Colleague: 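I am attaching a structure below and will ask some questions about it afterwards.
None of these values were measured; they are calculated from a predicted model.
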Amino acid sequence: MAEFRPAPALPGRSRGPSFRAALVVFDNRHYRLLWLSSLFSFTGMQMQMVARALLAWELTGSFGAVGLISLSFGLPMLLFSLVGGSLADRFEKRNLTLASQVATGTLALISALMLVTGTITIGWLFVLGLGGGTAMALGMPARMPLMVYLVGPQNLMAAMAMSNAAMNATRLFGPAVAGAMAAAWNLESVYFTQAALYAVACLALLGIPTGLGSAMPHPGAARQGMWREIGDGLRYVLSDPRLRTLNLMMFTVAFFVMPYVMLLAGFVQEDLGKGEREYGLLQSVSGVGALLASLVIASLTEFDRKALLQWASGIVGGAGLVALAAGSQAFGFGGALAATLVLGLALTAYQTINSTLTMEAARPEFYGRVMSINMLSFSAMPLMAWPLGQLADAIGARAMFTGQGIFVAAFLVLMALLQPRHIFGRSAAPATPEAPRPAPGPALGN
């Protein structure tokens, strides 16, 4: 592996944490609308994750089947994320994000109607998962570049952390509400609620103006073919030592730690002997840790040891997965609650810092394509849920969680030995590249 060459060290000492400084992103009216849209859509997403896992388990009673449904969501993300990145660098980012939200809400409504009519099967659930994964793959690479154009590179980490805070705040109540609704009423009520939440998210997005960073790199410039642009994006990431390292670190944790979320529904019922309410509570406690991580990371915008913080978060995440297996066996449901709190905190910090460092390292004309490559790690999570689900059926979820956690911790120790300057070095403040100017329209401030 080639030695990583970091940015020049910052002179003097970095500024201390400042949560108040991070709140400046909310001075931007259009960022507030994007944040509100995220709040409603993330609530729907959290509820859908619970409903989808519970429905797959009720239809089959198999860890492998739950993993297969997760595979249906991850496969399109693997196939189409790079296409979505090219689209994000070509077309209007707000409209791409909006189209993704409309499609996801429509699929939730279809799922609810199929439950009402009794026509849902594991096969149809797989097909609906393919549709949802495609919508996310084509629309999500545009969201983060849109955020950059709204708040500027210097505020990106705060904006991302606040966006993650919205997502993780929904984890405090979204899964618990979904579990309670499923237990008290039925699963179709969860899907109807999700469709309504996505409708509100779309209304908020309509308040954001168009023309933000579209037609990269220069408005009116001749475009290459889409596949040529995708190839250029891949070559750019592979040729940049910093982007290579960041993507490798993200992919490994996404493959071997994050899929545990997809298998919790079966783990709670099979290994812990609990039901829907406890599953929702476990997800919510994980959300508490994730929310705490988001708020802490938001206060570290000017912290110059972000790579070290990401590395430490990954080590804690691997240890948390081992603790989920051992703690739940020794202390029952209470041990599982403590472990998921740690996992939520560590993995959120790891992911947020990785995405921030990736966008800071990327050139603006490659924002969408770089983000789409980084997003392939999200496809890894549901894709790995299927083989890991099969493994859990064979050896048990506790043994599998232990092996995953040990492997990831060992990998990160190896990365520290191979890339010490990246892990332990100080980084320069993010550059402020000249971003394309938005089309004439409303101002981007308040």
Colleague: Ring centres of Phe267 and Phe401 under 6.0 Å apart?
Modeller: yes

Colleague: Are any non-hydrogen side-chain atoms of Leu98 and Cys202 less than 4.5 angstrom apart?
Modeller: yes

Colleague: Which heavy-atom pair separates Asp232 from Arg235 by the least distance, and what is that distance?
Modeller: OD1-NH2, 2.5 Å

Colleague: Let me see the working for Met45 and Leu197 under side chain to side chain contact (heavy atoms under 4.5 Å, CB included), right down to the final yes or no.
Modeller: CA-CA 9 Å; Met45 182 179 69; Leu197 289 168; over 6 Å; no

Colleague: Provide the closest heavy-atom pair for Leu341 versus Gly289 in the form atom of the first, atom of the second, distance.
Modeller: CD1-N, 3.5 Å

Colleague: Indicate the atoms forming the closest heavy-atom contact of Val316 with Ala346, along with that distance.
Modeller: CG1-CB, 3.8 Å

Colleague: Start with the C-alpha gap between Arg143 and Ser38, add the side-chain angles, then the distance that decides, and say whether side chain to side chain donor-acceptor pair (under 3.5 Å) holds.
Modeller: CA-CA 10 Å; Arg143 180 180 286 270; Ser38 298; 2.7 Å; yes

Colleague: If I compare all heavy atoms of Thr134 with all of Pro76, which pair ends up nearest, and what's the gap?
Modeller: OG1-CB, 3.2 Å

Colleague: Are the side chain of Ser294 and the backbone N or O of Met162 linked by a donor-acceptor pair below 3.5 Å?
Modeller: no

Colleague: Run the side chain to side chain contact (heavy atoms under 4.5 Å, CB included) check on Ile230 and Trp227 step by step: do they pass?
Modeller: CA-CA 5 Å; Ile230 290 174; Trp227 298 112; 3.6 Å; yes

Colleague: Can you tell me if CZ on Phe192 sees more than 12 non-hydrogen neighbours from other groups inside 6.0 Å?
Modeller: yes

Colleague: Enter the distance from Gln310:CD to Ile315:CD1 here, rounded to the nearest 0.5 Å.
Modeller: 11.5 Å

Colleague: Residues in side chain to side chain donor-acceptor pair (under 3.5 Å) with Gln404, at least two apart?
Modeller: none

Colleague: Rounded to the nearest 0.5 Å, how far does OH of Tyr198 lie from CG of Leu203?
Modeller: 14.5 Å

Colleague: Roughly how far, to the nearest 0.5 Å, is the CE atom of Met250 from the OH atom of Tyr350?
Modeller: 6.5 Å

Colleague: Let me see the working for Leu125 and Met114 under side chain to side chain contact (heavy atoms under 4.5 Å, CB included), right down to the final yes or no.
Modeller: CA-CA 10 Å; Leu125 195 58; Met114 294 188 76; over 6 Å; no

Colleague: Any side-chain heavy-atom pair from Thr252 and Phe407 closer than 4.5 angstrom?
Modeller: yes

Colleague: Any non-hydrogen side-chain atom of Leu324 less than 4.5 Å from a side-chain atom of Leu321?
Modeller: yes

Colleague: To the closest 0.5 Å, what do you measure between CZ (Phe411) and CG (Leu414)?
Modeller: 7.0 Å

Colleague: Can you check whether Val177 reaches Thr193 side chain to side chain, under 4.5 Å on heavy atoms?
Modeller: no

Colleague: Which residue is it: Leu292, Thr352, Thr356? I am looking for the one with a side chain to side chain contact (heavy atoms under 4.5 Å, CB included) to Ile297.
Modeller: Thr352

Colleague: Any idea which heavy atoms bring Ala201 and Ser37 closest together, and the distance?
Modeller: O-OG, 3.1 Å

Colleague: Run the side chain to side chain donor-acceptor pair (under 3.5 Å) test against Ser239 and tell me which residues pass, sequence neighbours left out.
Modeller: none

Colleague: Which heavy-atom pair separates Leu243 from Val237 by the least distance, and what is that distance?
Modeller: CB-O, 3.9 Å

Colleague: Distance under 6.0 Å and angle within 45° of the ring axis: does Arg369 meet both against Tyr236?
Modeller: no

Colleague: Is a side-chain N or O of Thr245 found less than 3.5 angstrom from the main chain of Pro241, in a donor-acceptor match?
Modeller: yes

Colleague: So, taking the atom named CZ in Arg32 and the one named CD1 in Ile208, what distance separates them when rounded to the nearest 0.5 Å?
Modeller: 11.5 Å

Colleague: How long is the span from the CG atom in Leu357 to the NE2 atom in His422, to the nearest 0.5 Å?
Modeller: 7.0 Å

Colleague: Should Tyr191 and Leu55 be marked as a side chain to side chain contact (heavy atoms under 4.5 Å, CB included) after you check the CA-CA gap, both sets of side-chain angles, and the distance that decides it?
Modeller: CA-CA 11 Å; Tyr191 279 105; Leu55 181 55; 4.3 Å; yes

Colleague: Looking at Gly368, is its backbone amide N or carbonyl O close enough to the side chain of Asp89 to form a donor-acceptor pair, meaning the two atoms are under 3.5 Å apart?
Modeller: yes

Colleague: Given side chains that start at C-beta, do those of Met140 and Ser81 come closer than 4.5 Å, heavy atoms only?
Modeller: no

Colleague: Quick check: do Leu150 and Leu34 have side-chain heavy atoms less than 4.5 Å from each other?
Modeller: yes

